[in-house]
Amino acid sequence: MTALTKEKPFYITTPIYYVNAKPHLGHAYTTIAADVARRYHAMKNVPTYFLTGTDEHGDKIAEAAKNEQMSPKEYADRISSLFKDLWPQLDIRNDDFIRTTDERHKNVVAQVLSNIYEKGDIYYSEYEGLYCVGCERFYQERELVDGKCPDHLKEPQRIKESNYFFKMSAYQDWLIDHINQHPDFIRPKQYRNEVLSFLKEPLEDLCISRPKTRLTWGITLPFDDKFVTYVWFDALLNYVSALGFPDDEKFRTFWPHVQHIIAKDILKTHAIYWPTMLKAAGIPLFQSLNVHGFWNMGDSKMSKSLGNVANPLTLKDTYGVDAYRFFLMRDMVFGLDSNFSEESIIQRINTDLANDLGNLFSRVLAMSFKYFDGRVPESDPHVEEEFDLSLEKEAMDAVDDYSESMDTFAFHKGLAAVFKFISRMNKFIDEKAPWDLAKDPALKPRLQAVMVNLLEGLRLVSGLLYPIMPGTSKTMQTHLGVDADPDYYLLEHVRAWKQLVPGSELKKIKALFPRIEVKESKQPEPVQVTGLKPELKPEITFDDFSKLDLRTATVIHAEAIPKAEKLLKVTVDMGEGRERTIVAGISKSYSPEELIGKQVILVANLKPVKLMGQLSEGMILAASDKKGFVVASFDTKVKAGTPVK
RNA sequence: GGCGAUGUAGCUCAGUCGGUUAGAGCAUGCGGCUCAUAUCCGCAGUGUCCUUGGUUCAAUUCCGAGCAUCGCUACCA
């Protein structure tokens, strides 16, 4: 066997999950991937550390808590525990679970902020802004209408608002350079390119504070107690705070070797904010950012806001944790989006797990009992060589391909390598036909060789599957008469050929993975029966509704706005003695000519806003899906300005 | 609108640094075996390799344009 290269400690993280939503499939995938990566690296006999946790500060949490009449902390406790309690059920073994409300975390955030502040990379900006007292907010010049706040029609005051900014822009060139020099810094490649392309535009400095007058649920800035830390400076630092930055032994051992796993929606924060923050703080950078895609459910994207989430618990209960983990790791090409359906899970289970692996396992064990009384036979190497009965070469190839893929987070490829070997074993049985060898006592040495190679192959497979299917791995080893202690999973040991001891006892098995019989119904059962998409919004009162002033209006003119992709400038008559201009994003579905003369429904009391330099005084109601728009209209002519309710 | 990616068998995708029969898995059809979970093995397919110009002796592969889809971004009130 080849000597394994000396491997470094391995530290793997998932993002910390925001506690404004319950765990869903996306969270489960990320965390399982991290668990798989960690278990795989543990097989290399290096120290490993696996961190996950929850992100708990911010407006949304404070609001959500208020709605439930709880304190923010109570609310965060509740959701956080949903995550924390879920992971063991998915056979995920994280070493730590960090919460941004932990004292240890808050201390580190304060410490790092002080650090960067003293270094001069955080500055207090007294930028002048146009502030409307009525709105309690700042306006950009372009948002104003005739120099006035579109809402209150008053000129905003030019005042100084104070906030703290991180000099992210100072690190732009350095970051581009770093990414270019480290091909594995962001992977797969498509995301690396995306980041580099984003960095072609000038980077802006990052606002890292919120005045406490606006937000209190956060970590107070160490150098100004009138402010709390805003979002990313809080959340991202969990990766170091959990290790006991800066002095803890864990930090020294693991930090330099950190691998992050994220979904593509938080690419920018992790690929741009995070490295520049680390650089500014004088902390070594992470090794790689490993970016995966989304699970699509039927047509719509997995997302918190759509609410069409698959409950990981339900699925693992239906199909078993191992099969569930296997499906997620095997079916998604790491980095790309995948489609999720119950049908595809069933197909994976039946073809790969039941037919190929499970049946192979059964037939090999059954023959071992039939021909050798349930004991591992002895094999003569000369016989193996003379009759070409060794699987060693293929087995070694499988381990090599597997390792190469697993090292780069290409879990799907790693599994494909294992299953290629499994197929090879099924074919091997067919070629060597042990049942024929068994008929002639003179052929017994050959029969022994065949069976030993198969049993060895299965032992090896059981080891390689350990990171993905720890339970199955153990079951297989138990039946192969192997004492499944942790050492047995060392890659070195797994790879070593001929580990089974002749004469040791095997155990019978019924079915490693029973086939799932699908009912003959033509229509596969939908995974989610959640009704409306997107989901219904929260209930409102009649009073809420009454705030809307809907009116009929007639389109008298419409034109496309130059350079705008979707916007039409629509002039309407609402019977108020003047014309109104509406900017509507419907040009993909309507040409200007089609609209002229049409009666539409207008949200007439909507706050005016400037779009593409055009003032829009209302909104035209239309049915909309991703294919386009259908403007709401009437079947009889109505006087312009008539209220609609 | 800008930048980028993708478009290959019914499905999911690989591949072709330009060159005679374009691949894998799943699904389909046929054949074989019987140790096994009606499992396994073999064979058979089917493709205008998005469209259209160009370069070339030769393009699915290179270049240009177009269409479609997706991502980021800019303006979807």
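Reminder, nothing fancy here: chain letters follow the sequence lines and each chain counts from 1.
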Parallel, tilted or perpendicular, judged at 30° and 60°: which one describes the rings of A/F334 and A/H292?
perpendicular

If the C1' atom of B/G32 is compared with that of B/U8, how far apart are they to the nearest Å?
33 Å

Contact between A/L328 and A/L25 at the side-chain level, heavy atoms closer than 4.5 Å - yes or no?
yes

Gap in Å between the two C1' atoms, one belonging to B/G45 and one to B/C30, rounded:
11 Å

Using atom C1' of each nucleotide, how far apart are B/A59 and B/G64 to the nearest Å?
15 Å

Short heteroatom pairs, N/O only, protein and nucleotides 31-35 of chain B, under 3.5 Å:
residue : atom : partner : partner atom : Å
B/C35   : O2   : A/R363  : NE           : 3.0
B/C35   : N3   : A/R363  : NE           : 3.3
B/C35   : N3   : A/R363  : NH2          : 2.6
B/C35   : N4   : A/R363  : NH2          : 3.1

Using the P atom on both, measure B/G29 against B/U21 and round to a whole Å.
30 Å

Geometric cation-pi criterion A/R446 and A/F387, 6.0 Å radius, 45° cone
yes

In whole angstrom, what separates A/Q347's CD from B/U28's C1'?
13 Å

Would you check if there is a donor-acceptor pair between the side chains of A/D205 and A/S169 at a distance under 3.5 Å?
yes

What class does the angle between the rings of A/W232 and A/H270 fall in, given that below 30° is parallel, 30 to 60° is tilted and above 60° is perpendicular?
perpendicular

Once you apply a heavy-atom cut-off of 4.0 Å, does A/D356 come out as touching a base, just sugar-phosphate, or nothing?
sugar-phosphate

Roughly how many Å apart are B/G66 and B/A27, using the C1' atom of each and rounding to a whole number?
35 Å

Between B/C3, B/G71, B/A36, which nucleotide gets closest to the side-chain atoms of A/N359?
B/A36

Heavy atoms only: give me the nearest A/S344-A/S341 pair and the separation to one decimal.
OG-O, 2.8 Å

For B/G23, the Watson-Crick or wobble partner whose two distances fall under 3.5 Å
B/C13

Same-atom distance (C1') from B/C26 to B/A14, integer angstrom
14 Å

Which value, in whole Å, describes the distance between the P atoms of nucleotides B/G25 and B/C35?
27 Å

Is A/N355 close enough to B/C40 that one of its side-chain N or O atoms is under 4.0 Å from OP1 or OP2 there?
yes

Looking across every strand, which nucleic acid part, if any, lies under 4.0 Å from A/L365 by heavy atom: base, sugar-phosphate, or nothing?
nothing

What's the CZ-P distance between A/F327 and B/C26, to the nearest Å?
16 Å

Nearest-angstrom distance, C1' atom, B/U61 to B/C40
38 Å

Between A/K264 and A/F294, is NZ or CZ placed under 6.0 angstrom from the six-membered ring centre and within 45° of the ring axis?
yes

Check the phosphate of B/U37 against A/K510, side-chain N and O only, distance under 4.0 Å to OP1 or OP2. Yes or no?
no

Within less than 4.0 Å of OP1 or OP2 of B/U73, is there a side-chain N or O belonging to A/K268?
yes

Using the side-chain heavy atoms of A/R515, tell me which of these nucleotides is nearest: B/U39, B/C3, B/G42.
B/U39

Rounded to whole angstroms, how far apart are CG on A/L357 and P on B/A36?
18 Å

Please report the distance, rounded to the nearest Å, between CG in A/L203 and P in B/U73.
13 Å

Indicate whether OP1 or OP2 belonging to B/C26 is found under 4.0 Å from a side-chain N or O atom of A/R348.
no

Base, sugar-phosphate alone, or nothing: which one does A/Q190 contact when heavy atoms must sit under 4.0 Å apart?
nothing

By the 4.0 Å heavy-atom rule, please label A/F513 as base, sugar-phosphate, or nothing.
base

Applying the 3.5 Å cut-off to both distances, the Watson-Crick or G-U partner of B/G45 turns out to be none

What integer distance in Å separates A/D337:CG from B/U69:C1'?
12 Å

